[in-house]
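Structure record follows, encoded as structure tokens.
Chain letters run A, B, ... following the sequence lines, proteins first, then strands; residues in each count from 1.
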There are 2 protein chains.
Amino acid sequence: MTNTQQTAVPRQRPTMRDVAALSGVSLKTVSRVVNLEPGVSDDLTDRVRQAAEQLDYHPNLTASSLRRSDGKTQTIGLILEDVSNPFEAALHRRIEEVARERGVVVIAGSVDEDEVRERDLATALVARRVDGLIVMPTGHDQSYLAKEQRSGTPMVFVDRPPTFLDADAVLTANATGARIAIEHLLAHGHRRIGFLGDLPSISTAIERLTGYHDALDRAGISVDSALIRQALTASDQAEVAVAELLAAPDAPTAIFASQNLLTIGVVRALHHMGRQHEIALVGFDDLPLVDLLNPGVTLVLQDVAGLGTAAAEILFRRIDGDTGPSERMILPTTLVPKGSGEILGPYATSSTGTAS
Amino acid sequence: MTNTQQTAVPRQRPTMRDVAALSGVSLKTVSRVVNLEPGVSDDLTDRVRQAAEQLDYHPNLTASSLRRSDGKTQTIGLILEDVSNPFEAALHRRIEEVARERGVVVIAGSVDEDEVRERDLATALVARRVDGLIVMPTGHDQSYLAKEQRSGTPMVFVDRPPTFLDADAVLTANATGARIAIEHLLAHGHRRIGFLGDLPSISTAIERLTGYHDALDRAGISVDSALIRQALTASDQAEVAVAELLAAPDAPTAIFASQNLLTIGVVRALHHMGRQHEIALVGFDDLPLVDLLNPGVTLVLQDVAGLGTAAAEILFRRIDGDTGPSERMILPTTLVPKGSGEILGPYATSSTGTAS
DNA sequence: CTGAAAGCGCTTACAG
DNA sequence: CTGAAAGCGCTTACAG
């Protein structure tokens, strides 16, 4: 009756050997019962179960996967830029759900925009012999993963395609999404439309700029490079850029923010200037609470759930042995009018805006 | 010169044995070089390094941890309600950062509010022999973890304390935070203050209600249970609750939303009714973009970074062998006035509001 | 239906 | 300074 619970010495974890000894059978019989292999008599099955229960035996999956012929660890790796970014956290959740149905867990990690961290994390995951990898690439060269790929670690890229590597990828139709956003603004009577973009080293940033060009080209409007501001990575930079754009002569009457942090900066700038009902705005990517703003912010939404689910499903097909040629899946975007994108521009006609 | 790269058969991964054979040394010497153990001649070290490079050898951490005397997998588990919830995703990121400095990766999983999933995830993590566990508990009984704890898996609880289990916990001062929120509203001349709460089965929900009671008690105001709405789990429920509260005779002039989803519902309801400048509001937990609303929403913020960092640091102290009595760390909140909480109530005096 | 031996890829505990 | 043998906890490939 002494109170030794608090300072209990960590007992050794029981092993199959312990269960075998207690139930008076061989190791192999315990293994059969634990793995639900058929062909063990009811009597022995019961004895093993009771012994396992009594000892509180829990199988060691790492030992089992080491010996097992397929070598599966029932673990996959997920390389993100930042697990706490809402878009990526949503991606993570979808991937987790697909994995969970198969008894697989996910090791996720953040590499910011650091190529060295991307490689270090990949190494750490491979060292743990994950069954596969889902990567949102940061660096501009994923050829370092080719050896791993050939060694039998399947990998799927998400949101951004791999560079210098042939692998599956699940992407958003960034150019088309951006083009539709610009066409929406054109339809509402805007001709001078500002573009706010992220680092041009990020493939999605370039694709969205391409969509901007495409829309203007199709409309026969020449692109004015003074309206294009790139390499913006944070909302305060976007805020400054908007102030500058609107202060210039021949200022834009509408703005396209090609990433959610930049959209925040634009909203902030317009509200501070009190011009939120005058300058039209369409943003790329979701933003919470945006419908409570006045005006609401018109957004181009990616299919985050679709991206995550598809990436995970393709990965598991590969893990299951599919060796077909690499696949590229492109998911469409949706433009959701909320108010800011429907502000009429100087070229608006009486019929403008009825389409949306 | 045939193009076999595309259909390359997965080569077997090279092992230490392969490196030993190629460099003409023993397995043990390779192990010494790989683990940077001292006392290997420069000559052999070079030969081993070259062979490893040539074969593209990468050590198998799962095999090494199986044999290693400390048995560490350099992996920890994180049990959350939802990895995509902003509060939890931020927690995840902080924990990841602390882990990364030690070469440890994080397996995180979501259990929603499902006790069965909580146990299943814990089992999956233990099967992989994680070095420790950080848990945001969902169920109302964590005694099932006692055996794991005694078997030597350290664990730290975060955000919510464990039930029926003695373990470290890092928590927010929920009652105090709620009390300060109510005192803020009282100071601005409100006497009838609505309370919106989550499921009373969630400990933090109860603590925040306690803070509400405390503030009113201290002010000598009797609690009117008609103003208290509990078991609200989603923003639309909060929206309905606000409509009902404000429609009642002797309606509240201020509202305290004790959780971020509920705050969203209140904002939505007030904006729809056009009463956002009339009814005061303080919310618990962070909400993005809230400063762009009109009025901005006054919030009680938790120290998310502090919670995550502290939980991880305590866990690693335990993993390193600290066997001291279990610790409970309570982090303070911060009230950030943004406008909605400073709307004056019917009992406001001329000096009201100067304090904040 | 049951089990003894070997081995997954590595480290430990020795011996030389 | 180097290495041969044993073993971490389990599954494989047999044999009975």
Using residues 98-106 of chain B as the side-chain source, report each donor-acceptor pair under 3.5 Å to any protein atom, sequence neighbours left out, with the distance given to one decimal.
from   : atom 1 : to     : atom 2 : distance (Å)
B:R100 : NH2    : B:E97  : OE1    : 3.2
B:R102 : NH1    : B:D320 : OD2    : 3.2
B:R102 : NH2    : B:D320 : OD1    : 2.9
B:R102 : NH2    : B:D320 : OD2    : 3.3

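Taking a pair to require two hydrogen-bonding distances under 3.5 Å in either a Watson-Crick or a G-U wobble arrangement, D:dG16 pairs with C:dC1.
For the 3.5 Å distance criterion, the side chains of A:T75 and A:R128 fail to qualify, holding no donor opposite an acceptor. Defined by atom type and a distance below 3.5 Å, a donor-acceptor pair is present between the side-chain atoms of B:S143 and B:D141.
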Tabulate protein N/O versus nucleotide N/O from nucleotides 7-11 of chain D, keeping only pairs under 3.5 Å, one per line.
from   : atom 1 : to    : atom 2 : distance (Å)
D:dG7  : N2     : B:R67 : NE     : 2.4
D:dG7  : N3     : B:R67 : NE     : 2.7
D:dC8  : O2     : B:R67 : N      : 3.4
D:dG9  : N2     : A:A63 : O      : 3.3
D:dC10 : OP1    : A:Y57 : OH     : 2.7
D:dC10 : OP1    : A:N60 : N      : 2.9
D:dC10 : OP2    : A:M16 : N      : 2.6
D:dT11 : OP1    : A:N35 : OD1    : 3.3
D:dT11 : OP1    : A:N35 : ND2    : 2.8
D:dT11 : OP1    : A:R68 : NH2    : 3.3
D:dT11 : OP2    : A:S31 : OG     : 2.6
D:dT11 : OP2    : A:N35 : ND2    : 3.3
D:dT11 : O2     : A:R67 : NE     : 3.2

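Separating the CG atom of B:L44 from the P atom of D:dG3 is a distance of 6 Å, rounded to the nearest angstrom.
Distance check: A:R318 CZ to A:E313 CD gives 14.0 Å after rounding to the nearest 0.5 Å.
Under 4.0 angstrom from either OP1 or OP2 of D:dT2 there lies no side-chain N or O belonging to B:T29.
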Show your working on salt bridge (Lys or Arg N to Asp or Glu O under 4.0 Å) between A:R93 and B:E88 and close with a plain yes or no.
CA-CA 12 Å; A:R93 181 64 144 104; B:E88 298 168 60; over 6 Å; no

